[in-house]
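Contents: one structure, followed by commentary.
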Amino acid sequence: MTDLPDDYDPDRIEQHWRDQWRDTDLYAYEDHEDRPDYIIDTPPPYPTGNLHIGHGLQWSYIDFAARYHRLKGDDVLFPQGWDCHGLPTEVKVEENHGIHRTDVSREEFRDLCIEHTEEQIDSMKETMDELGFSIDWSAEFRTMDESYWGKTQRSFVEMEDDVHRDEHPVNWCPRCETAIADAEVEKEDRTGTLYQVAFDGVETDPIEIATTRPELLPACVAIAVDPEDERYEGRVGDTFEVPLFGQEVELIADEDVDGEFGTGAVMICTFGDKQDVDWWARHDLDLRPVLTEDGHLNDLAGEFEGQTIPEAKENVAEALDDAGHLVDENSTEQAVGVCWRCDTPIEILSKEQWFVRIDQDAIVEKAKEVEWIPDHMYARLEEWAEGMDWDWVISRQRVFATPIPAWECQECGHWHVAEVEELPVDPTETDPAVGACPECEAEEWVGETDVMDTWMDSSITPLHISGWPEEITREEFEPVALRPQGHDIIRTWAFYTLLRTGKLTDERPWDTVLVNGMVFGPDGNKMSKSRGNVVTPREAIDDYGADAVRQALALGGQPGADVQFQPKEATSASRFNTKVWNITKFAAGHLDERTVDIEDPAYRDADRWILGRAAQVAERVDEAMQEYRYDSALREVREFVWHDLADDYLELVKGRLYEGRPGERNAARHALLTALSSSLRMLSPFAPFLAEEAYDALPGLDGSVHAAEWPTLPDFDEETVDRGQLVADVASEIRSWKSEQGMALNAELDRIEVFTDLEGDGALDTYDLSSAVNAPVYLESGRPNVELVPVGVDPDHASIGPKFRDEAGAVIGALEAADPAALKAQQETNGEVELDVNGEAVTLDADAFEVVEEQQAASGEEVEVVELDDATVLVYEG
RNA sequence: GGGCUCGUGGUCUAGUCGGUUAUGACGCGGCCUUUACAAGGCUGAGGUCGGUGGUUCGAAUCCGCCCGAGCCCA
């Protein structure tokens, strides 16, 4: 036991325990034989250097789950990875060093990226530590480490059947100069200009088309109309000349054309969008690529060659106008596909790339095996999966990523993929083990410079954390327990992981996906610098302490819901923490090392009540935790600690603790210790620092609260617990009565009389009550010695409703209109009541209503009446 | 355009497989130093549960429509 300072000081406590825990293996996964595994597929965040409060929410949920499952005796693995590869780091490194990535060798550039990433990770780890996450750092992984990306390569090699290298149109970001997957394209609403352009006919009348992309005219390969469109009847097959660029294109019919739009005629370019790709393939059209990889026009654009896309758009429009081909222009709203990393509008280029085949049905099937929380999030995955029409392009024309382990034969162009044994390998530095080309016997290889999509790295996290391939084979893989996941990346991280785990192991990756919402600012808007509503974890911790911030996040809503960060929730949590502190301080002063070992405590009803309540709370909280209802779990614990334990129980047993006889005093001590230690254990997932400090301060409790077990409490029969509850209620009512009277709460009373119709044979235990209210307590039965004045009736709708159906309203009306005193008399003498309802006699059971009585002291007596639900108390002030 | 989620006192939130007076917090008003706690206790005001129509004896809760917010997809 330690002496607790008077005031709750989160800074001191949290710093202290962070230091204590740092060098322990409190959170280590032990791979224990006889304890069930609980393995968490923790998200590997991108190392931006900045762990924001959204991460804070997500990791808080993870930590709640991890700490709860440890209490339940599970062998918990809470690893932490880092999804290092990617463009933003490359850009940052170029910026910081004032270089372009081609200024140095690939190797050197990679090293700079690694160095930068390590700094970013350190800073994020610091915030994680401050928030008190129980991460097992011995299971940390970084996708940029050879030991990890070697696995990414291995997974690539082992999926060889589903990998293909082909030329195919792909989404291309002209700023990042790389292919990107469908999932990395976002739609953004922008205002653009819709140009009406007239094409001269070749031996026929001109035709007008509408386009937002005049700069793609040089890429125009056809014009299409709806086959049903009467305006173009008989014209399909006509030939037209593309203005300014001169190529001749044919008018074709395709039912995908939206006849309602503009003139109903649309130009097909290679490629303006995915629709163009469909038409191009379906009608076997020419390929006229006019865009370069860095977003300029090429020589097919003639005089516009070398211009950027926006420049060319403007210049071509102007030239069309000058040449008399521009019929009209108006502004239009359009959804533009943009690169999710840099917001640059994407293009579609036809390029040789590596692809992974997508089997939509297989993915959906696995997704269905997973429990989604909340369950409607499954729909997002399903919708996305079913809408996929292109294979996943996994090659990227970048540097800082997992190398694609493949070489091209310089002689015959054969592509050779590495064998598992030679991994990890960087094909730009090492030749393949195979030696001569299996196709042509040549020995000159060129290593693939393309690298992998970072989702190739992060979509094998369940395999990695399960110990593949060193400890388990693919076949031995079993789904891990939990995947925490933001709903914004369901189409990527969840989707790809389902795909890859399914392909590699034939299993679902996890049992449960727990989707967290976003964290909004205190004003209810998305946090943004321009709004000035950004709350950083550090600021919040400085203001309220991590224990309070975690609670505020837990109470912000049910998992899956977006959470508005509310300073007042943190305030409220902080007050609760203070309360816990004070309770602990009080308890610690009354308990000693022997308390925990007290045998057969002589419990009184108050003790049985608090322990019974604690048992009930432990069960409810357990259920809520299992259902990931962290909000209701925490509410339940708080309610119990504050109201039952602090307000009621402590007040009831103070007398015994201060001056009780040894046996009775020990019973109170023992019950207090049990209830408090149970509370702290239930609280420990939410407020790990405070719970630990308090647990540590209680004499006789060994070890860390985080190594303790979920509370198991003695069983008491319901009646005993109810009697204790009544004692607590009476004490509480007398307390507020005294407060209302302006009396000191410890003011002495002459006596109180408790009238109760409590059933069962045990009499009310008034020992604690008497000292709590500071008055002798007399138990009475029957009617209090006061006037009972029936003042109304309280009908039981649940019983009258179904019985009388459409007459129920009239019955209740008659009941309420009747004289309460007469009803009371009938109820007591006959056990039922006859009523006149719309001229008909109706018989009501006695329990169909209750007569509400106000009890008034008989005149002349100095007595106050305090009424409870199931008792009436007479207070004699004396 | 399609889909999903949500709308409860000033603010945030619980309750939503129908059943009496709708939960709690923050804030606001009043009263109170009581041997853990004034970062406390007691108490008060404040809600036509987005609107509307329906089902039902009875709707915050179920159904239809409308309005509003947000997200995902096209």
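Not measured: the values here are computed from a predicted model. Proteins come first, then strands; the chains are lettered A, B, ... in the order of their sequence lines, and each starts at number 1.
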* To do: Indicate the ring-plane relationship of A/Tyr630 and A/Phe64, choosing parallel, tilted or perpendicular according to the 30° and 60° boundaries.
  => perpendicular

Which nucleotide in the list [options] gets nearest to the side chain of [X]?
{"X": "A/Asn746", "options": "B/C71, B/A25, B/U34", "result": "B/U34"}
{"X": "A/Ser574", "options": "B/A39, B/C42, B/C71", "result": "B/A39"}
{"X": "A/Glu740", "options": "B/A74, B/C73, B/U43", "result": "B/U43"}
{"X": "A/Ser739", "options": "B/G19, B/C37, B/C42", "result": "B/C42"}
{"X": "A/Arg491", "options": "B/C42, B/C73, B/A74", "result": "B/C73"}
{"X": "A/Glu383", "options": "B/C73, B/G40, B/C71", "result": "B/C73"}
{"X": "A/Arg575", "options": "B/G40, B/G41, B/C71", "result": "B/G40"}
{"X": "A/Lys585", "options": "B/C37, B/U43, B/U56", "result": "B/C37"}
{"X": "A/His797", "options": "B/U43, B/U20, B/C57", "result": "B/U20"}

Using Watson-Crick or G-U wobble geometry with both distances below 3.5 Å, tell me the partner of [N], or none.
{"N": "B/G68", "result": "B/C6"}
{"N": "B/C62", "result": "B/G54"}
{"N": "B/G44", "result": "B/C28"}
{"N": "B/G1", "result": "B/C73"}
{"N": "B/U21", "result": "none"}

Nearest-angstrom distance from the residue atom [atom1] of [X] to [atom2] of [N]:
{"X": "A/Ile489", "N": "B/C72", "atom1": "CD1", "atom2": "P", "result": "13 Å"}
{"X": "A/Glu636", "N": "B/A25", "atom1": "CD", "atom2": "P", "result": "15 Å"}
{"X": "A/Arg735", "N": "B/C32", "atom1": "CZ", "atom2": "C1'", "result": "14 Å"}
{"X": "A/Asp647", "N": "B/U34", "atom1": "CG", "atom2": "P", "result": "18 Å"}
{"X": "A/Leu690", "N": "B/A39", "atom1": "CG", "atom2": "P", "result": "18 Å"}
{"X": "A/Glu188", "N": "B/A74", "atom1": "CD", "atom2": "P", "result": "14 Å"}
{"X": "A/Met388", "N": "B/C72", "atom1": "CE", "atom2": "C1'", "result": "15 Å"}
{"X": "A/Tyr378", "N": "B/C71", "atom1": "OH", "atom2": "C1'", "result": "19 Å"}

Has [X] got a side-chain atom pairing as donor or acceptor with [Y]'s backbone, closer than 3.5 angstrom?
{"X": "A/Lys654", "Y": "A/Ala772", "answer": "no"}
{"X": "A/Arg656", "Y": "A/Glu664", "answer": "yes"}
{"X": "A/Arg550", "Y": "A/Phe686", "answer": "yes"}

Inter-nucleotide [atom1] distance ([N], [M]), Å rounded:
{"N": "B/A74", "M": "B/A14", "atom1": "P", "answer": "31 Å"}
{"N": "B/U23", "M": "B/C66", "atom1": "C1'", "answer": "30 Å"}
{"N": "B/U55", "M": "B/G15", "atom1": "P", "answer": "29 Å"}
{"N": "B/C6", "M": "B/G46", "atom1": "P", "answer": "31 Å"}
{"N": "B/A45", "M": "B/G29", "atom1": "P", "answer": "16 Å"}
{"N": "B/G18", "M": "B/U34", "atom1": "C1'", "answer": "46 Å"}
{"N": "B/G47", "M": "B/A22", "atom1": "C1'", "answer": "9 Å"}
{"N": "B/G30", "M": "B/G68", "atom1": "P", "answer": "42 Å"}

Over all strands shown, is [X] touching base, sugar-phosphate only, or nothing at heavy-atom distances under 4.0 angstrom?
{"X": "A/Pro795", "value": "base"}
{"X": "A/Gly801", "value": "base"}
{"X": "A/Leu650", "value": "base"}
{"X": "A/Pro567", "value": "nothing"}
{"X": "A/Ala587", "value": "nothing"}
{"X": "A/Arg380", "value": "base"}
{"X": "A/Thr578", "value": "base"}
{"X": "A/Trp384", "value": "sugar-phosphate"}
{"X": "A/Lys654", "value": "base"}
{"X": "A/Lys526", "value": "sugar-phosphate"}

* Structure fact -> 5'-most contact on RNA chain B (nearest-nucleotide basis), A/Glu651 vs A/Gly809, goes to A/Glu651

* Asked: Quick one: on RNA chain B, does A/Val185 or A/Ala646 contact a more 5' nucleotide (nearest heavy atom)?
  -> A/Ala646

Any [X] side-chain heavy atom under 4.5 Å of [Y] side chain:
{"X": "A/His55", "Y": "A/Ser60", "result": "no"}
{"X": "A/Lys368", "Y": "A/Tyr378", "result": "yes"}
{"X": "A/Pro374", "Y": "A/Pro559", "result": "no"}

If you restrict it to nitrogen or oxygen atoms, what contacts under 3.5 Å exist between nucleotides 12-18 of chain B and the protein, and what is each distance?
residue	atom	partner	partner atom	Å
B/C12	O4'	A/Gln566	NE2	3.4
B/G15	OP1	A/Arg629	NH1	3.3
B/G15	OP1	A/Arg629	NH2	3.1
B/G15	OP2	A/Gln558	NE2	3.4

* Look at atom NZ of A/Lys526 and say whether more than 12 heavy atoms of other residues, nucleotides or ligands are closer to it than 6.0 Å. => no

Indicate every side-chain donor-acceptor pair of residues 385-392 of chain A with a distance under 3.5 Å to a residue at least two apart or in another chain.
residue	atom	partner	partner atom	Å
A/Asp389	OD1	A/Lys274	NZ	3.0
A/Asp391	OD1	A/Ile358	N	3.2
A/Asp391	OD2	A/His164	NE2	2.9
A/Trp392	NE1	A/Asp453	OD2	2.9
A/Trp392	NE1	A/Tyr496	OH	3.4

* Asked: Less than 4.0 Å between a side-chain N and a carboxylate O, is that true for A/Arg629 and A/Glu627?
  -> no

* How long is the span from the CG atom in A/Leu749 to the CG atom in A/Asn746, to the nearest 0.5 Å? -> 10.5 Å

